[in-house]
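Have a look at this one before I ask anything.
Computed from heavy atoms alone, side chains included, the values below leave out hydrogens, waters and symmetry copies.
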Amino acid sequence: MTLDEAVRTRILEIIEEKNITLTALCLNSNLTPSTIFDFMYNKSKSPKIITIKKLCVGAGITLEQFFARDYFNSDEEIFN
């Protein structure tokens with residue numbers, strides 16, 4: 001799994017856990033939906049950490065909770 005795939009997976013998990021749409025998460029996070037939709041549909045590179053932080057605030061979680069998944073801590077070459 002690449003880093004982009006891991007971030008996409010985590011965003012999808014969050015919207016499922018919170019039972020909200022991706023658009024609602026963006027609006028709760030004070031982000032334009034296109035910012036995240038472009039990333040989710042491979043039209044832009046990984047979001048910056050500040051964007052992920054805003055998503056976390058909008059979802060009511062911490063950065064630590066966002067990255068607290070085995071696929072972010074695996075031995076795979078996720079950061080290549």
Check: Going by the salt bridge (Lys or Arg N to Asp or Glu O under 4.0 Å) test, which pairs reach into residues 16-30, not counting sequence neighbours?
Finding: Arg10-Glu17, Glu17-Arg69
Notebook entry, point to check: Is the backbone of Pro47 close enough, under 3.5 Å, to the side chain of Thr51 for a donor and an acceptor to pair up by distance?
Noted result: no
Check: Within a strict 4.5 Å, meaning less than it, do heavy atoms of the Ile36 and Leu25 side chains meet?
Finding: no
Margin query: Let me confirm one number: the CZ-CG distance from Phe39 to Leu55, rounded to the nearest 0.5 Å.
Written below: 10.0 Å
Item checked: Under the ring-ring contact (aromatic ring centres under 6.0 Å, His included) test, residues paired with Phe37 that sit two or more places apart -> none
Check: Residues two or more places apart in sequence or in another chain: which of them pass side-chain hydrogen bond (donor to acceptor under 3.5 Å, both in side chains) with Asn42?
Finding: Arg8
Check: What residue pairs, at least two apart or across chains, pass salt bridge (Lys or Arg N to Asp or Glu O under 4.0 Å) with a residue in residues 44-58?
Finding: none
Notebook entry, point to check: Can you name the side-chain contact (heavy atoms from CB on, under 4.5 Å) partners of Leu12, sequence neighbours left out?
Noted result: Ile15, Met40
Item checked: Qualifying salt bridge (Lys or Arg N to Asp or Glu O under 4.0 Å) pairs, either residue in residues 56-67, two or more places apart -> none
Notebook entry, point to check: Out of curiosity, does Phe67 fall in the hydrophobic cluster containing Val57 (side-chain heavy atoms, cut-off under 4.5 Å, transitive links)?
Noted result: no
Next item on the list: Quick one: list whatever passes side-chain contact (heavy atoms from CB on, under 4.5 Å) with Ala68, sequence neighbours left out.
Entry: none
Checklist line | Interatomic distance, Leu31 atom CG to Leu22 atom CG [nearest 0.5 angstrom] | finding: 10.0 Å
Notebook entry, point to check: How many angstroms lie between SG in Cys26 and CD1 in Ile11, if you round to the nearest 0.5 Å?
Noted result: 8.0 Å
Check: What residues form a side-chain hydrogen bond (donor to acceptor under 3.5 Å, both in side chains) with Thr62, not counting sequence neighbours?
Finding: Gln65
Item checked: Sequence-distant partners of Thr35, side-chain hydrogen bond (donor to acceptor under 3.5 Å, both in side chains), two or more places apart -> Thr32
Next item on the list: Following the transitive rule for hydrophobic clusters with a side-chain heavy-atom cut-off under 4.5 Å over Ile, Leu, Val, Met, Phe, Trp and Tyr, establish whether Val7 and Tyr41 coincide in one cluster.
Entry: yes
Next item on the list: Identify the heavy atoms of Ser29 and Gly58 that sit nearest to each other, and give their distance.
Entry: OG-CA, 3.4 Å
Checklist line | Geometric class of the Phe66/Phe72 ring pair [parallel <30°, tilted 30-60°, perpendicular >60°] | finding: tilted
